[in-house]
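Computed from a prediction, not measured in an experiment: that's the story for all the values here.
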Amino acid sequence: MSNIHEDGYRSALLGGRRRQVAPTDQATMYARGGIAARVIDLPADLAMSRGVEIEGDEDRVITDELQRLDLVGNMSDALRWSRLDGGAALMLLTDTGTLDAPLPESVGQITEIRVIELPQLSVAPGGYYDDPSEPTYGQPEYYHVRPITAGNSGSTGFFVVHESRLLPVYGDPLPSRLRIGAAVPWSGRSAATAPFRSIERYEKALTLSLEVLKRKQQAVHRMKGLAELIQNGQEHLVRKRVDLVDEVRSLMNGVAVDAEDDYQVYDQNVSGIKDLIAEFQVAVSADSGIPVTALFGRAAAGLNATGENDLEGLYDLCEGIQQTCAQAAINRLIEAITRQSGIDASRQWRIKWPSLWTPTDAQQAETRLNNAQASQAEAATRQIDLDNGTVSGDEMRKHMARDGLYGLEVNDGA
């Protein structure tokens, strides 16, 4: 291997050492894991962690089908890639018809759901609805999907999929004027762009902090004849002497130098680094919308801080993802499920997202106590109204029946 020679001083002290350049591609940063992956994964996984409930599905027909098709796992991945790329899609595979044919009114069975990443998608040339009298006018009718296979991530082939078999999972909002020329008209803004820039700065701050710690005790070696050795092209001798002194110091915690040389260690102040790193963490949190306590595992700071407000903010973010990114695709999926042959599902269904908040035992006990005290106050008020003759006993009984108290029904005693 050939040696690299630049100016004498650089070659003498650095030799062939070079700085490493960190990756900047979003997908590459995500693949490295760490905070970059957590920014993408945490909201997607938390949004689907409780699944969905289907009101009106008394026989659990729809619920069982959603479990069979692994809605939670597939939608979690779709939300993940929609946050990374600005959109994703769920593709329905059925035993009826081909992918490029519209989904029929009666489907044999939806056999599988596959997650399609946004870079795989584009609208087929001329693949838009062109009937101005239809509500779908100007919307995509046919998509090109480029498969990604092992060892062939940049496949140039594609297959055609009808829009009824492709359920978009939207990314963050993006103005329409910025979507002009996009591969698909519903692509959105990536949730990774701003946070990943802050993460790069945060990681750089950590790297520089380590460098500061390395240089907390900075050694200065005054070497007689240094300039003369460099002029004579003897940089290797300089590096050898510097490396030797450094090696001896690391082994013996001391050095031996020539009488005409000098070696001193200067101690540097590193106060304030912790506060600077904390501010970089806050910047990542602000850009991602994820609280510092959840993203970095830090304890809540401030007087009487419990972290509940941070959790509420995180849950609000996830509930927004549920409503704006996932619900439209789930609605279309359930509509397709109810069209399967042999499925006798209710047509009066509605999606309900379970609460992400799990109260503690103490919070549940406090809630029961407050409810009991409120019921006691209401009962006392009813007794006062009855004693004063404001209402009769029959009227009070009917009022309590309408409120569902004591298991009474409206026709009881009426």
Side-chain angles (χ1 to χ4, degrees), residues 26-27 30 40-41 43-45 47-48 52 65-66 68-94 96-104 107 110-129 136 138-149 153-174 176 178-179 181-192 320-337 339 351:
Q26 290 181 177
Y30 173 83
I40 299 299
D41 292 339
D45 291 333
M48 294 301 302
V52 295
E65 283 295 289
L66 293 178
R68 179 179 68 84
L69 295 171
D70 190 18
L71 172 67
V72 172
N74 285 309
M75 182 57 76
S76 296
D77 284 343
L79 290 174
R80 205 182 323 277
W81 309 139
S82 72
R83 286 180 55 78
L84 182 64
D85 298 320
L90 299 178
M91 185 173 66
L92 305 183
L93 302 182
T94 68
T96 305
T98 58
L99 287 174
D100 59 350
L103 196 68
V107 183
I110 301 173
T111 57
E112 185 182 351
I113 297 176
R114 290 191 183 176
V115 179
I116 304 299
E117 301 174 28
L118 189 64
Q120 296 179 254
L121 281 174
S122 62
V123 179
Y128 290 88
Y129 287 105
T136 55
Q139 297 299 315
E141 183 177 10
Y142 294 101
Y143 292 93
H144 282 174
V145 178
R146 287 178 294 277
I148 295 179
T149 57
S153 59
S155 175
T156 57
F158 61 85
F159 54 89
V160 179
V161 179
H162 190 266
E163 59 88 14
S164 61
R165 300 174 182 269
L166 204 71
L167 316 181
V169 178
Y170 305 110
D172 287 354
L174 190 68
S176 298
L178 297 182
R179 293 200 297 264
V184 291
W186 44 263
S187 61
R189 170 171 51 86
S190 169
I321 291 173
Q322 292 171 347
Q323 297 292 333
T324 61
C325 301
Q327 180 144 336
I330 297 177
N331 278 329
R332 289 185 57 186
L333 174 60
I334 295 177
E335 290 174 359
I337 287 175
R339 291 155 62 178
I351 294 175

J.: With sequence neighbours left out, write down each residue that passes side chain to side chain contact (heavy atoms under 4.5 Å, CB included) with Ile113, or none if nothing qualifies.
T.: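 Here the qualifying residues are Leu69, Asn74, Leu90, Leu92, Leu333.
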J.: When rounded to the nearest 0.5 angstrom, what is the spacing between CD1 in Ile330 and CD in Glu335?
T.: 12.5 Å
J.: Val169 and Ala329: which non-hydrogen atoms are nearest, and at how many Å?
T.: CG2-CB, 4.1 Å
J.: State, to 0.1 Å, how close Tyr129 and Thr136 come at their nearest heavy-atom pair, and which atoms those are.
T.: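 Where Tyr129 meets Thr136 most closely, the heavy atoms are CB-O, 3.2 Å.
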J.: About how many Å separate CE of Met91 and CG of Leu166, when rounded to the nearest 0.5 Å?
T.: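 Atom-to-atom, Leu166:CG and Met91:CE are 7.5 Å apart.
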J.: Would you check if the side chain of Arg83 reaches a backbone N or O of Asp41 as a donor-acceptor pair within less than 3.5 Å?
T.: no
J.: More than 12 foreign heavy atoms under 6.0 Å from CZ of Arg114: is that the case here?
T.: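 At most 12 heavy atoms, drawn from other residues, nucleotides or ligands, come within 6.0 Å of this atom.
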J.: Could you state the interatomic distance from CZ (Arg339) to OG (Ser164), rounded to the nearest 0.5 Å?
T.: 7.0 Å
J.: Should Arg332 and Glu163 count as an ion pair when the cut-off is N to O under 4.0 Å?
T.: yes
J.: Do Glu141 and Tyr128 make a side-chain contact, defined as non-hydrogen atoms from C-beta onward lying under 4.5 Å apart?
T.: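 No; the side chains remain at least 4.5 Å from each other.
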J.: Does Ser190 use its side chain to pair, donor to acceptor, with the backbone of Leu84 at less than 3.5 Å?
T.: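 A pair under 3.5 Å: yes.
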J.: When the ring planes of His162 and Tyr142 are compared, do they come out parallel, tilted or perpendicular, using 30° and 60° as the limits?
T.: perpendicular
J.: Over all heavy atoms of both residues, which pair between Ser76 and Asp45 is shortest? Give the atoms and the distance, please.
T.: CB-OD1, 3.9 Å
J.: Are Glu112 and Thr94 packed together at the side-chain level, in the sense that at least one heavy-atom pair is separated by less than 4.5 angstrom?
T.: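 Contact flag for Glu112/Thr94 side chains = no.
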J.: Should Arg80 and Tyr30 count as side-chain neighbours, where that means a heavy-atom distance under 4.5 Å?
T.: yes
J.: Which atom names give the shortest non-hydrogen contact between Pro185 and Val123, and what distance separates them?
T.: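 Shortest heavy-atom contact: CD-CG2, 3.8 Å.
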J.: State, yes or no, whether a side-chain contact exists between Phe159 and Leu99 at a heavy-atom distance under 4.5 Å.
T.: yes
J.: Verify, without hydrogens or angle tests, whether Thr111 (side chain) and Leu93 (backbone) share a donor-acceptor contact under 3.5 angstrom.
T.: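 Here the side-chain-to-backbone pair exists.
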J.: Could you tell me if the side chain of Leu118 sits less than 4.5 Å from the side chain of Ser187, heavy atoms only?
T.: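 Yes, their side chains come closer than 4.5 Å.
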J.: Should Leu71 and Val52 count as side-chain neighbours, where that means a heavy-atom distance under 4.5 Å?
T.: yes
J.: Ignoring hydrogens, what is the shortest heavy-atom contact between Pro119 and Arg146? Give both atom names and the distance.
T.: O-NH2, 2.6 Å
J.: Could you state the interatomic distance from NE2 (His144) to CG (Asp100), rounded to the nearest 0.5 Å?
T.: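 So the NE2 of His144 and the CG of Asp100 are separated by 10.0 Å.
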J.: Looking at Tyr170 and Ala328, what are the two nearest heavy atoms and their distance?
T.: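 Result for this residue pair: CE1-CB, 4.2 Å.
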